[in-house]
Enquirer: 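First, the structure itself, so that you have it in front of you.
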Amino acid sequence: MALACWVLSMARTSTSSSRCSVHGKFERLFCNQQVSSPTPLLNRLLQIPNSQIKTTLDSDDTSQFSWDSHSLLTTLRSSSPEKAQLVLEWRLEKLLKENETCIDQYSSLITLCGKIRNVSLAMRVFTLMESRGIKPDSSVFDSLISACLCSGDVVTALSLFEIMMGSKDYKPTSETYDIFVSGFSSLGNADAMQKWYLAKKAAGFSANVQSYESLVFGCVKLRDFDGADGYFKEMMSLGFMPSMAVIENVLEGLCRCRNVVKVKEFLKFLLDGGWKISLHMAEKPVQLFCELGKADEIEELLVTLMKTDQSPEVLQRVHCGIIRMYAMLDRLDDVEYSVGRMGKEGFAFKFTDDVEKVICSYFRCKAYDRLDLFLDHIKDSYQLTRSAYDFLIAGYRRAGLSEKLDRVINDMKLAGIL
């Protein structure tokens with residue numbers, strides 16, 4: 001119990017200014033999780049009043065609620081921090097009622113407290129765990145440090161590390177150092193990030209994929225693209241298989257520095273190695289090639305991706321990127337060829353912005369009859385949005401084409417938009 005009091009004392013004496021100065025900057029690593037589709041339980045928790053949260057959890061089949069589901073709690077917190085706290089309080093009460101002695105359960109709960117940025121609740125879990133005679137280990141301290149960093153409380157996180165250094169039972173682990181590398185990477189503090197990475201190696205721990213994920217991300221965030229490239233090469237030289245996060249960040253860095261040659265080389269390296277390109281990854285070079293008007297490069301990318309059996313979502317995005325680029329260049333022949341090719345491959349427009357750029361290109365070229373043919377061609381595969389109709393109305397009005405304007409307005413009425 002004395003240890004818990006010591007930890008709590010440190011948390012109270014941490015200055016509020018240190019928390020505020022970095023609040024929210026650790027979100028990417030510790031708090032931002034990809035949000036999954038709402039579950040029936042989550043929908044109920046969002047709808048009921050706070051007073052019914054715990055009773056609902058008691059009566060519900062909570063086996064569907066994954067206590068490792070960071071995204072679920074993050075979603076709940078974004079709508080109601082109070083409800084997110086009540087859910088974790090209910091979980092803590094359940095652990096205590098069942099006399100749970102598994103330390104991993106408490107460690108996971110402390111981590112979840114970090115996901116909702118509630119250090120005080122994390123400290124409470126720690127205190128109650130120790131009061132039950134459960135001695136903390138390194139993983140518990142790691143979870144507590146993570147919770148502090150997620151909330152921006154760097155002072156307490158560093159103080160916890162000092163406690164670990166002076167202990168015999170919960171010395172810092174490789175994961176402990178990785179947490180700090182990740183934290184300062186997200187904060188954008190390159191000096192601290194690199195010092196913690198060097199401290200990890202000085203402590204006798206080897207670098208791992210997680211270390212490199214943080215280092216590459218931190219360098220890209222600071223636009224230190226040479227640094228990101230250096231860490232990637234170091235990682236590969238040590239025989240590590242890069243994670244998708246590393247790959248995405250390296251590609252993003254190359255695209256942000258607008259190095260077309262290196263982007264093409266890196267994509268070739270990935271595809272030759274059998275990597276599957278994610279939608280997020282595909283969007284980066286597509287955007288770059290479109291902005292630079294690199295028609296040959298983006299056409300070559302499409303051919304290569306089709307040969308390497310990439311996902312339909314990726315291929316669709318590249319098809320649309322090509323059409324968007326040609327539309328921005330007012331190359332209507334290429335636009336129409338690309339639209340036809342996309343349709344033959346079984347793809348259709350997905351985003352209204354792409355369609356609107358094509359519409360605007362037709363108006364700039366005063367190709368009104370060809371615009372009619374384009375709209376007729378896509379009508380069975382794409383439903384025009386209100387904003388697309390607005391572009392048509394504005395364009396036909398400027399051109400003084402009242403008959404076409406009347407037809408668009410009638411189409412809007414039939415579509416239920418007017």
Side-chain angles (χ1 to χ4, degrees), residues 251-252 254-268 271 277 279-307 310 312-379 381-401 404 408:
L251 180 59
E252 179 178 347
L254 294 174
C255 289
R256 285 175 61 184
C257 66
R258 305 171 81 80
N259 192 322
V260 173
V261 174
K262 286 192 175 181
V263 168
K264 291 176 63 177
E265 290 176 351
F266 189 67
L267 287 171
K268 185 178 186 303
L271 296 172
I277 304 299
L279 183 58
H280 176 72
M281 291 171 64
E283 288 174 343
K284 299 300 181 182
V286 167
Q287 181 180 354
L288 174 65
F289 295 154
C290 285
E291 290 175 353
L292 299 178
K294 297 290 186 179
D296 292 342
E297 282 76 7
I298 196 170
E299 290 280 5
E300 180 183 341
L301 175 62
L302 176 61
V303 172
T304 304
L305 292 176
M306 292 174 67
K307 288 180 179 178
Q310 299 297 320
E313 293 78 13
V314 167
L315 295 176
Q316 178 194 47
R317 200 72 200 104
V318 179
H319 274 293
C320 289
I322 291 173
I323 295 168
R324 185 172 67 249
M325 181 191 66
Y326 287 139
M328 294 170 65
L329 297 172
D330 290 337
R331 292 169 55 171
L332 292 185
D333 289 344
D334 291 320
V335 168
E336 291 165 356
Y337 170 78
S338 300
V339 170
R341 176 178 59 185
M342 181 174 71
K344 289 179 182 178
E345 293 294 330
F347 301 112
F349 285 105
K350 183 177 180 180
F351 300 105
T352 189
D353 183 63
D354 296 328
V355 176
E356 290 167 4
K357 280 185 167 52
V358 174
I359 291 173
C360 290
S361 180
Y362 278 114
F363 279 124
R364 287 193 299 269
C365 297
K366 299 181 180 180
Y368 308 117
D369 291 337
R370 293 175 73 173
L371 172 56
D372 289 343
L373 292 174
F374 167 73
L375 295 173
D376 185 67
H377 178 80
I378 68 171
K379 66 181 181 181
S381 61
Y382 180 81
Q383 177 65 52
L384 293 180
T385 63
R386 176 58 186 261
S387 61
Y389 277 117
D390 288 341
F391 276 104
L392 290 171
I393 290 174
Y396 286 136
R397 277 179 177 163
R398 282 195 301 270
L401 299 173
K404 292 182 183 293
V408 170

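These numbers were taken from a predicted model, which means no experiment stands behind them.
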Enquirer: Quick one: does Thr385's side chain get under 4.5 Å of Glu356's, heavy atoms only?
Expert: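 Result yes, sub-4.5 Å side-chain heavy-atom pair found.
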Enquirer: Can you name the nearest heavy-atom pair linking Cys290 to Met325, along with the distance?
Expert: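 Answer, listing the atom of Cys290 first, then Met325: SG-CB, 3.6 Å.
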Enquirer: Roughly how far, to the nearest 0.5 Å, is the OG1 atom of Thr352 from the OH atom of Tyr382?
Expert: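 One gets 3.5 Å once the value is rounded to the nearest 0.5 Å.
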Enquirer: Walk me through whether Asp333 and Arg370 qualify under side-chain contact (heavy atoms from CB on, under 4.5 Å).
Expert: CA-CA 10 Å; Asp333 289 344; Arg370 293 175 73 173; 2.9 Å; yes
Enquirer: Is the shortest heavy-atom distance from the side chain of Glu345 to the side chain of Leu315 under 4.5 Å?
Expert: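 They are not in contact (no side-chain heavy atoms under 4.5 Å apart), so the answer is no.
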Enquirer: Hey, what do you get for CG (Leu375) to NZ (Lys379), rounding to the nearest 0.5 Å?
Expert: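 Atom-to-atom, Leu375:CG and Lys379:NZ are 10.0 Å apart.
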Enquirer: How long is the span from the CG atom in Leu301 to the NZ atom in Lys294, to the nearest 0.5 Å?
Expert: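 Taking CG in Leu301 and NZ in Lys294, the distance rounds to 14.5 Å.
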Enquirer: Can you measure from NZ (Lys404) to CG (Leu371) and round to the nearest 0.5 angstrom?
Expert: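 It comes to 7.5 Å.
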Enquirer: Does Gln310 reach the main-chain N or O of Leu305 with its side chain, forming a donor-acceptor pair under 3.5 Å?
Expert: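 Not at all, since once roles are kept as given, no pair shorter than 3.5 Å links the two residues.
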Enquirer: I want to check something: taking the side chain as every heavy atom from C-beta on, are Phe289 and Val260 in contact at a cut-off of under 4.5 Å?
Expert: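 Yes, their side chains come closer than 4.5 Å.
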Enquirer: So which heavy atom on Ala327 is nearest to which on Val335, and how close?
Expert: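 The pair with the smallest heavy-atom distance is N-CG2, 3.5 Å.
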Enquirer: Rounded to the nearest 0.5 Å, how far apart are CG of Asp390 and CG of Leu384?
Expert: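 Nearest 0.5 Å value for the CG-CG distance: 11.0 Å.
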Enquirer: When rounded to the nearest 0.5 angstrom, what is the spacing between CD in Glu336 and CD1 in Ile323?
Expert: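 Nearest 0.5 Å value for the CD-CD1 distance: 11.0 Å.
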Enquirer: Check whether any side-chain heavy atom of Phe349 sits under 4.5 Å from a side-chain heavy atom of Ser381, and report yes or no.
Expert: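 Not touching, per the 4.5 Å side-chain cut-off.
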Enquirer: Applying salt bridge (charged side-chain N to carboxylate O under 4.0 Å, His left out), run through Asp334 and Arg341 and close with a yes or a no.
Expert: CA-CA 10 Å; Asp334 291 320; Arg341 176 178 59 185; over 6 Å; no
Enquirer: Check Ile322 against Ser338 and note the closest heavy-atom contact, atom names and distance.
Expert: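 Scanning both residues, the minimum pair turns out to be CG2-OG, 3.7 Å.
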Enquirer: Is there a side-chain contact between Gln316 and Leu279 in this structure, where contact means two heavy atoms from C-beta onward sitting under 4.5 Å apart?
Expert: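 Answer no - side chains too far apart.
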Enquirer: Taking everything shown except Tyr368 itself, do over 12 heavy atoms lie less than 6.0 Å from its OH?
Expert: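 Enclosed: over 12 neighbouring heavy atoms sit under 6.0 Å from OH of Tyr368.
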Enquirer: Just to verify, what does Asp354 make a side-chain hydrogen bond (donor to acceptor under 3.5 Å, both in side chains) with, not counting sequence neighbours?
Expert: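 side-chain hydrogen bond (donor to acceptor under 3.5 Å, both in side chains) list for Asp354, sorted by chain: Arg317, Arg324.
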Enquirer: Testing the basics here: between Met342 and Ala348, what is the closest heavy-atom pair and its distance to 0.1 Å?
Expert: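 Between these two residues, the closest heavy atoms are CE-C, 3.8 Å.
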Enquirer: Contact between Ser361 and Val358 at the side-chain level, heavy atoms closer than 4.5 Å - yes or no?
Expert: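 Heavy-atom side-chain distance check fails, nothing below 4.5 Å.
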Enquirer: Nearest heavy-atom pair of Ile298 and Gly321: which atoms, and what distance?
Expert: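 The pair with the smallest heavy-atom distance is CD1-C, 4.0 Å.
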Enquirer: Within a strict 4.5 Å, meaning less than it, do heavy atoms of the Leu271 and Ile277 side chains meet?
Expert: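 Side chain of Leu271 against side chain of Ile277, heavy atoms only: contact under 4.5 Å found.
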Enquirer: In terms of relative ring orientation, are His319 and Phe347 parallel, tilted or perpendicular, with 30° and 60° separating the classes?
Expert: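 His319 and Phe347: tilted rings.
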Enquirer: Can you name the nearest heavy-atom pair linking Cys255 to Leu288, along with the distance?
Expert: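 Where Cys255 meets Leu288 most closely, the heavy atoms are O-CD1, 3.8 Å.
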Enquirer: Going by the ring pair (Phe, Tyr, Trp, His ring centres under 6.0 Å) test, name the single residue among Tyr362, Phe363, Phe391 that passes it with Tyr396.
Expert: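 Between Tyr396 and the candidates, ring pair (Phe, Tyr, Trp, His ring centres under 6.0 Å) is satisfied uniquely by Phe363.
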